[in-house]
Amino acid sequence: MSGSIQITEAALASLIGLTAHEIPGVVGMAPANLREGISRVLGRANVSDGVVIGKESGKFTADLYIVAAYGVNIPRVAENIRERVQHVVKSQAGIDLAALRVHAVGVQRV
């Protein structure tokens with residue numbers, strides 16, 4: 001029996017968002033656009049908030065917008081996110097990301 005499995009952008013964004021939340025030093029995700037910001041104000045936060053999926057040369061890309069904990073080494077946290085997300089996406093979804101960019105857009109005391 002043959003067939004194919006397709007991972008939607010929404011499923012990929014959720015997987016990436018959940019993985020990023022597990023990294024020590026990440027307080028949360030920041031709204032990536034106005035629509036997400038309005039949804040959050042209205043109390044409709046989603047695990048994929050702060051994750052933007054795109055495509056380059058036919059391969060998926062991801063931009064993550066994070067809020068880091070005050071006092072952490074932000075470049076180290078960003079690298080930990082990159083390593084863990086790339087591993088999880090490859091092992092759980094079978095996808096190699098063409099690019100993964102982490103944007104630290106805020107710092108917050110926890």
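The analysis underlying the following values was restricted to heavy atoms, covering all of them including side chains, and did not include hydrogens, waters or symmetry mates.
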Can you get from L100 to V89 by hopping between Ile, Leu, Val, Met, Phe, Trp and Tyr side chains that sit under 4.5 Å apart? yes

Any idea which heavy atoms bring E56 and A99 closest together, and the distance? OE1-CB, 4.3 Å

If every non-hydrogen atom of A20 is compared with every non-hydrogen atom of L64, which pair is closest and at what distance? CB-CD2, 3.7 Å

Could you list the residues that satisfy salt bridge (Lys or Arg N to Asp or Glu O under 4.0 Å) with E79, not counting sequence neighbours? R82

Are any non-hydrogen side-chain atoms of F60 and K55 less than 4.5 angstrom apart? yes

Mind checking whether Y70 and V77 sit in one hydrophobic cluster, side chains of I, L, V, M, F, W, Y counted as touching below 4.5 Å? yes

Compare every heavy atom of M29 with every heavy atom of G50, then report the nearest pair and how far apart it is. O-CE, 3.7 Å

Mind checking whether D96 and K90 have side chains closer than 4.5 Å, heavy atoms only? yes

Given side chains that start at C-beta, do those of T61 and R101 come closer than 4.5 Å, heavy atoms only? yes

Shortest non-hydrogen separation from H21 to G17 and the atoms involved: ND1-O, 2.7 Å

Would you say L18 and V88 make side-chain contact, with heavy atoms under 4.5 Å? no

Please confirm whether the backbone N or O of V51 pairs with a side-chain atom of S48, one donor and one acceptor, at under 3.5 Å? no

Identify whether V72 and V110 are in the same connected component of the hydrophobic contact network (ILVMFWY, side-chain heavy atoms under 4.5 Å). no

Nearest heavy-atom pair of A13 and I53: which atoms, and what distance? CB-CG1, 3.8 Å

Taking atom CD of Q86 and atom CD1 of I16, what is their separation to the nearest 0.5 Å? 9.5 Å

With a 4.5 Å heavy-atom cut-off, do V85 and V102 have their side chains touching? no

Contact check, side chains of R76 and N80, non-hydrogen atoms, under 4.5 Å: yes

Should V105 and V27 be counted in the same cluster of Ile, Leu, Val, Met, Phe, Trp and Tyr side chains packed under 4.5 Å apart? no

Side chain to side chain contact (heavy atoms under 4.5 Å, CB included) assessment of I66 paired with I23: CA-CA 11 Å; I66 68 157; I23 304 299; over 6 Å; no

Hey, what do you get for CD1 (I95) to CD1 (I7), rounding to the nearest 0.5 Å? 5.5 Å

